[in-house]
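For reference, the structure discussed in these notes is given below.
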Protein chains: 2
Amino acid sequence: MTTARTRPATEARKREILSAALDCFDATGVEPATIQDIQRQAGCSVGSLYHHFGSKEGVAEALWLALIEEFNAYMLARLGKAESAEDAVRGVVQGYINWSVRHPKRMRYLHARDIEFSPEGRARKRELHGRYIAEVFALFARFVRDGQLAELPPYTYVPLISGPIEAYVRRWLTGDAPSPRGVETLFADAAWNAVKGASTSR
Amino acid sequence: MTTARTRPATEARKREILSAALDCFDATGVEPATIQDIQRQAGCSVGSLYHHFGSKEGVAEALWLALIEEFNAYMLARLGKAESAEDAVRGVVQGYINWSVRHPKRMRYLHARDIEFSPEGRARKRELHGRYIAEVFALFARFVRDGQLAELPPYTYVPLISGPIEAYVRRWLTGDAPSPRGVETLFADAAWNAVKGASTSR
DNA sequence: CAAAGTATTGGAATATCGTTCTAGAATCGT
DNA sequence: ACGATTCTAGAACGATATTCCAATACTTTG
């Protein structure tokens with residue numbers, strides 16, 4: 001009765017589909033990209049695609065969740081190494097830029113809001129976000145306690161630190177602003193100034 | 001040979017369609033909303049809708065451009081009255097919050113990224129953005145000259161000033177953060193600190 | 001004021017695309 | 001090797017964006 005739930009080839013096939021989907025979505029946007037486009041580029045059949053993901057939105061959703069998970073892991077790895085609050089905050093900005101420059105297609109897709117999440121997808125998204133925030137907050141908590149970071153309403157740290165560089169990078173990704181290389185320090189300064197505590201001379 | 005290019009009723013009809021479209025798009029998102037939904041709510045025929053906007057994406061695009069124009073005008077009006085750089089910068093943050101709280105549906109749509117711009121639409125978007133930036137920059141220029149504002153790469157002012165509040169408001173609009181009422185000063189401080197010049201004590 | 005010309009509207013017909021369905025092939029546990 | 005199950009394939013279906021052209025309203029001109 002008990003039987004293997006997935007086959008070795010399955011994961012590979014799923015990855016192929018997601019990779020093809022990223023290319024297609026990036027080229028034209030989620031809505032204009034057709035199932036045929038994806039299916040052909042992935043070298044699989046319609047049935048296979050639907051078997052694994054259920055729907056086109058299912059593909060879009062799975063892709064987004066996979067990418068945000070990858071991105072969060074990257075940022076947390078970077079944050080874990082920080083020795084001071086200032087290191088950590090500047091690391092967020094620098095990490096955001098580095099990942100975006102290294103994977104512009106992926107970041108462009110993460111910025112895209114044109115994904116209609118299913119209830120389950122939405123739940124998973126919220127779960128991932130919550131876990132990420134919790135881990136970030138755990139890392140930052142001690143800096144708040146020792147006064148390196150200001151004590152602010154919880155939901156304001158992320159916008160204050162990442163908001164500016166996020167906005168800038170989005171414009172760069174759509175071709176409306178020059179590369180973020182060169183503005184790292186400026187945005188890191190802004191982030192640090194926004195959340196630094198009283199212990200540093202103001 | 002010369003003839004009126006539009007009739008008086010035309011503008012009204014277009015506005016009706018755009019208004020109906022905003023309701024439909026806000027309710028379910030751009031993709032799930034059908035032409036029939038819009039056309040029925042606007043009380044017009046399919047032909048009429050296509051005559052004026054060419055496609056569903058054409059409607060979505062025109063709506064977005066109309067709203068961003070309205071928003072930019074509102075911000076510029078507010079900025080024009082500022083007497084000092086600090087007034088201006090804080091005014092941007094406050095204005096952003098006020099407009100969002102007054103027109104959450106419109107702001108939610110401006111934040112939506114699920115609009116596939118046509119080449120012309122993209123060009124117009126870029127043109128509007130460029131003009132807005134230019135006007136903001138013109139207003140800020142004298143403050144830069146007299147040292148109230150720091151001299152920074154042109155494309156960094158907007159992200160530095162509006163980035164954080166933009167990120168926060170987006171989370172609020174999707175139900176992921178509490179109302180922006182109460183965090184005005186925090187975000188205005190951050191904005192001002194990010195761009196203030198050397199003339200103020202640092 | 002009449003008539004021609006143009007903008008606008010209506011709605012049926014069409015084409016495209018997401019999704020469903022079912023039969024068969026590949027793979028795994030026993 | 002055999003049975004069970006996952007996975008693949010592609011034709012058929014249904015929904016919806018778009019096209020098309022005839023009918024109507026307005027506007028200018030003679």
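No experiment lies behind these values; they were computed from the predicted model shown. All values below were derived from every heavy atom in this structure, side-chain atoms included, with hydrogens, water molecules and symmetry-related copies excluded. Just so we're on the same page: letters track the sequence lines, and every chain starts at 1.
- With rounding to whole Å, B:Phe53 atom CZ is found 18 Å from D:dT19 atom C1'.
- Under the side-chain contact (heavy atoms from CB on, under 4.5 Å) test applied with A:Arg78, the options A:Asn98, A:Val92, A:Asp87 reduce to a single match, A:Asn98.
- In summary, B:Arg124 and B:Glu61 do not engage in a salt bridge, as defined by a charged side-chain N under 4.0 Å from a carboxylate O.
- Listed pair B:His51 / C:dT9 fails the phosphate criterion, with no side-chain N or O lying under 4.0 Å from OP1 or OP2.
- For B:Glu16 and C:dT8, the CD to P distance is 14 Å, given to the nearest whole Å.
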Taking only nitrogen or oxygen atoms into account, show me every contact under 3.5 Å that the protein makes with nucleotides 18-22 of chain C, one pair per line with its distance.
residue: C:dG18; atom: OP1; partner: A:Ala33; partner atom: O; Å: 3.3
residue: C:dG18; atom: OP1; partner: A:Lys56; partner atom: NZ; Å: 3.0
residue: C:dG18; atom: OP2; partner: A:Ile35; partner atom: N; Å: 2.8
residue: C:dT19; atom: OP2; partner: A:Tyr50; partner atom: OH; Å: 2.8
residue: C:dT19; atom: OP2; partner: A:Lys56; partner atom: N; Å: 2.9
residue: C:dT19; atom: O5'; partner: A:Tyr50; partner atom: OH; Å: 3.4

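- Residues B:Lys105 and B:Asp23 are paired through a salt bridge, judged by an N-O separation under 4.0 Å between the basic side chain and the carboxylate.
- The stretch residues 115-123 of chain B has no heavy atom under 4.0 angstrom from DNA chain D at all.
- Rounded to whole Å, atom P of D:dG10 lies 12 Å from atom CZ of A:Arg40.
- Side-chain atoms of B:Gln41 and B:Asp37 form no donor-acceptor pair, as typed in the model, at a separation below 3.5 Å.
- More than 12 non-hydrogen atoms from other residues, nucleotides or ligands lie less than 6.0 angstrom from CZ of A:Phe117.
- A salt bridge is absent between A:Asp176 and A:Arg170; no separation between the charged side-chain nitrogens and carboxylate oxygens falls under 4.0 Å.
- In this model, the phosphate group of D:dA9 is approached by a side-chain N or O of A:Ser45 to a distance below 4.0 Å at OP1 or OP2.
- Using a cut-off of 4.0 Å between Lys/Arg side-chain N and Asp/Glu carboxylate O, B:Lys56 and A:Glu31 are scored as not salt-bridged.
- B:Leu49 has its CG atom 16 Å from the P atom of D:dT16, to the nearest Å.
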Exercise answer: donor-acceptor pairs, residues 131-142 of chain B side-chain atoms, under 3.5 Å, sequence neighbours excluded:
residue: B:Arg131; atom: NH1; partner: B:Glu127; partner atom: OE2; Å: 3.2

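- Look at CZ on B:Arg15: it is 14 Å from P on C:dT8, rounded to the nearest Å.
- Annotation: A:Tyr74 is not in aromatic contact with A:Tyr96 [ring centroid separation under 6.0 Å not met].
- Side-chain N/O atoms of B:Arg13 include one lying less than 4.0 angstrom from OP1 or OP2 on C:dT9.
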